[in-house]
Number of protein chains: 2
Amino acid sequence: MTPNKENFIKAIYELGGDHSVISNKKLVKNLSISAASVTEMNARLLKENLISHVPYRGVKLTASGIRIAHQLIRKHRIWEVFLSEKLGYNWNEVHADADLLEHVSSDLLIERLNDFLDEPEFDPHGGVIPNKDGSLPETSAFPLTDVSTGRPFTIKEVDDDEEFLNYLLEKDIQLGDHYTLTDVESFDGPLTLETPEGRQILIGHKAAFKILVDYVV
Amino acid sequence: MTPNKENFIKAIYELGGDHSVISNKKLVKNLSISAASVTEMNARLLKENLISHVPYRGVKLTASGIRIAHQLIRKHRIWEVFLSEKLGYNWNEVHADADLLEHVSSDLLIERLNDFLDEPEFDPHGGVIPNKDGSLPETSAFPLTDVSTGRPFTIKEVDDDEEFLNYLLEKDIQLGDHYTLTDVESFDGPLTLETPEGRQILIGHKAAFKILVDYVV
DNA sequence: GAACATTTTTAGTCTATCCTAAAAATATAT
DNA sequence: ATATATTTTTAGGATAGACTAAAAATGTTC
Ligand SMILES: [Mn+2]
Ligand SMILES: [Mn+2]
Ligand SMILES: [Mn+2]
Ligand SMILES: [Mn+2]
């Protein structure tokens, strides 16, 4: 396993490759490499039985491919917790360094880091940290776009994308915040959220899709 | 700069390449690569002006080569402090992980880690941590083989080699310990050290060379 | 100083990863 | 259904890094 292969598998996973076939096009865009390079990497991973391939359609992770993705994401997210909680990184700064560190982390290192951090369950963006064995803990959260008006909810997880996180910083939206949906414009228009204190926040439909929430009990 | 080049430059430095010409043979042994690969890497580093090369004699670091070596060693040693002090690694466990982490550490990461660790001066083996600008703090220490009998001294630094560190663990020799040299066998024979409590420790000449000490004032 | 030994360099390959350009397959629009 | 557009694959190259085997240079021994 090399850093390149690991990143490639992670990209497939993050595009939904654990349950559906991902096109080369999507990987080209996500990884910023040429289409030819995607075809080549597919061939390599196919030989190692980490993906299944439907010619001219795309690829899907096998069970062992998914396990490797989960283990890499575990490393990534534990590093993000460390950078955020111990080194004072903002949540929009952690990703880049974690993306490098994840590839040079021995199991020993990750488990000791995990202990040092008191076995965190979530990364700074609310992403759940996979278990050591490569399984994924159960979580319940759904996109903000699916929330019903009037029923209070809380922010559970947000997209780990630097630009988007800056947008949330501007709007002062944080994990754990409580809101109520008061209005939705039709035709995928913006959503209006209200804080318990009565402050109104306007969120575009595309942004709302990158925010996962859950109802307050 | 790639991890391979960085390791190569560090190896030259650790073999004395900051002040003398290092043969390919030594690098072959140190890095466990073929002689041909050493010749090739020399050519690459020469083109980047990081080394000077005397054909059939060996290589020596240029000023910028030395600066790069120091900056890498800074990263390496700061990571070693972290692994040792925060994650509970033993001093014979830290090297391997630090050897990987050093290559994926942004300046931001290293400076924040340095703050988090309260700006340590030395790594777990007593090696001085180079400054951020690539300069080296002054230190005074000399090999145990050069110590005079009867004058109390303290352990300042030991070789960062897993096998050797295990040997020191067995002999219960630690940084900061105080001893007096009571006897030296001729013909590079073993040295006899005595603790303040009167316990006697026998050290082979080769091992004594890997231990740096300084007199107690 | 010739003979032998050691070390370094060169020549020729290999793999991983990337690329561009062209060909083949698939999708869309009229 | 055909023409056009998009996507994927193939073909051919590049670079970093590693190797082995052979050639060239240097060192050592008698
Ligand atoms: Mn991330
Ligand atoms: Mn990564
Ligand atoms: Mn070390
Ligand atoms: Mn290293």
Side-chain angles (χ1 to χ4, degrees), chain A residues 1-17 20-61 64-65 68-69 72 96 99-100 102-104, chain B residues 1-17 20-62 64-65 68-69 72 99-100 102-104:
Chain A
M1 192 55 48
T2 68
N4 268 317
K5 281 183 191 167
E6 287 185 337
N7 281 335
F8 200 91
I9 288 170
K10 197 172 65 158
I12 296 172
Y13 181 84
E14 281 166 357
L15 292 168
S20 57
V21 172
I22 307 303
S23 71
N24 286 16
K25 192 75 196 304
K26 279 187 174 168
L27 289 164
V28 164
K29 206 173 166 188
N30 198 279
L31 293 162
S32 303
I33 55 176
S34 72
S37 295
V38 170
T39 299
E40 268 179 346
M41 188 59 98
N42 283 346
R44 279 182 220 121
L45 296 180
L46 193 65
K47 210 164 23 177
E48 293 178 56
N49 269 298
L50 299 173
I51 58 172
S52 59
H53 182 230
V54 186
Y56 291 95
R57 281 288 128 74
V59 294
K60 201 173 150 177
L61 293 172
S64 57
I68 287 174
L72 188 64
D99 225 2
L100 298 176
E102 63 188 2
H103 306 290
V104 294
Chain B
M1 190 56 47
T2 68
N4 267 319
K5 282 183 189 165
E6 288 185 336
N7 282 333
F8 201 91
I9 287 169
K10 198 173 64 159
I12 295 172
Y13 180 85
E14 281 165 356
L15 292 167
S20 57
V21 172
I22 306 303
S23 70
N24 288 15
K25 191 75 197 305
K26 278 187 175 167
L27 288 163
V28 163
K29 207 174 166 188
N30 198 279
L31 293 162
S32 304
I33 56 175
S34 72
S37 296
V38 169
T39 299
E40 267 180 345
M41 187 60 96
N42 282 347
R44 278 181 219 122
L45 296 180
L46 194 64
K47 210 162 23 176
E48 294 177 56
N49 270 297
L50 299 173
I51 59 171
S52 58
H53 182 230
V54 187
Y56 291 97
R57 279 288 129 72
V59 294
K60 201 173 150 177
L61 293 172
T62 60
S64 56
I68 287 174
L72 188 65
D99 226 1
L100 299 175
E102 63 189 3
H103 307 290
V104 294

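Just so it is clear: chains get the letters A, B, ... in the order the sequence lines come, proteins before strands, and each one is counted from 1. This is a predicted model, so every value here is computed, not measured.
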Nearest to side-chain heavy atoms of A:Arg44, which nucleotide of C:dT17, D:dG17, C:dC19: C:dT17
Euclidean distance, atom CG of residue A:Leu31 to atom P of C:dT17 [Å, nearest integer]: 12 Å
Closest to the B:Pro55 side chain, choosing from C:dA16, C:dC19, C:dT9: C:dT9
B:Asn24 side-chain proximity, nearest of C:dT8, D:dT9, C:dT17: C:dT8
Nearest-nucleotide pick for A:Lys5, side chain only, options being C:dT17, D:dT10, C:dT9: C:dT17
Candidate nucleotides C:dC18, C:dT8, D:dT8, ranked by approach to the side chain of A:Met41 - the nearest: C:dC18
Option passing side-chain contact (heavy atoms from CB on, under 4.5 Å) with B:Ile9 (candidates B:Leu50, B:Val59, B:Asn4): B:Leu50
Inter-residue atom distance B:Ile12.CD1 - B:Lys26.NZ, 0.5 Å rounding: 12.5 Å
Interatomic distance where NE2 belongs to A:His53 and P belongs to C:dA25 [whole Å]: 14 Å
Whole angstrom value for the distance that separates P of C:dT8 from NZ of B:Lys29: 13 Å
A:Ser34 vs C:dC18: side-chain N/O to OP1/OP2 distance below 4.0 Å: no
Out of C:dA16, D:dG17, D:dA25, whichever nucleotide has its closest atom nearest the side chain of B:Tyr56: D:dA25
Along DNA chain D (nearest heavy atom to each residue), the more 5'-positioned of A:Asn42 and B:Lys47: A:Asn42
A:Arg57 side-chain proximity, nearest of C:dT20, D:dT8, C:dT26: C:dT26
Over all atoms of both residues, closest heavy-atom pair of B:Ile51 and B:Leu46: O-CD1, 3.3 Å
Side chain of B:Ser37 - closest among D:dC19, C:dT9, D:dG17: D:dC19
Length of the CD-P vector between B:Glu6 and D:dG17, whole Å: 11 Å
Side chain of A:Lys25 - closest among C:dT20, C:dT8, D:dT7: D:dT7
Contact check, side chains of B:Asp99 and B:Asn7, non-hydrogen atoms, under 4.5 Å: yes
Student check: side-chain heavy atoms of B:Val104 and A:His103 closer than 4.5 Å: no
Donor-acceptor pair under 3.5 Å, B:Glu40 side chain vs D:dA18 base: yes
Below 4.0 Å: OP1/OP2 of D:dG17 and any side-chain N or O of B:Thr2: yes
Among C:dT9, C:dC19, D:dT10, the one nearest A:Ile33 by side-chain distance: C:dC19
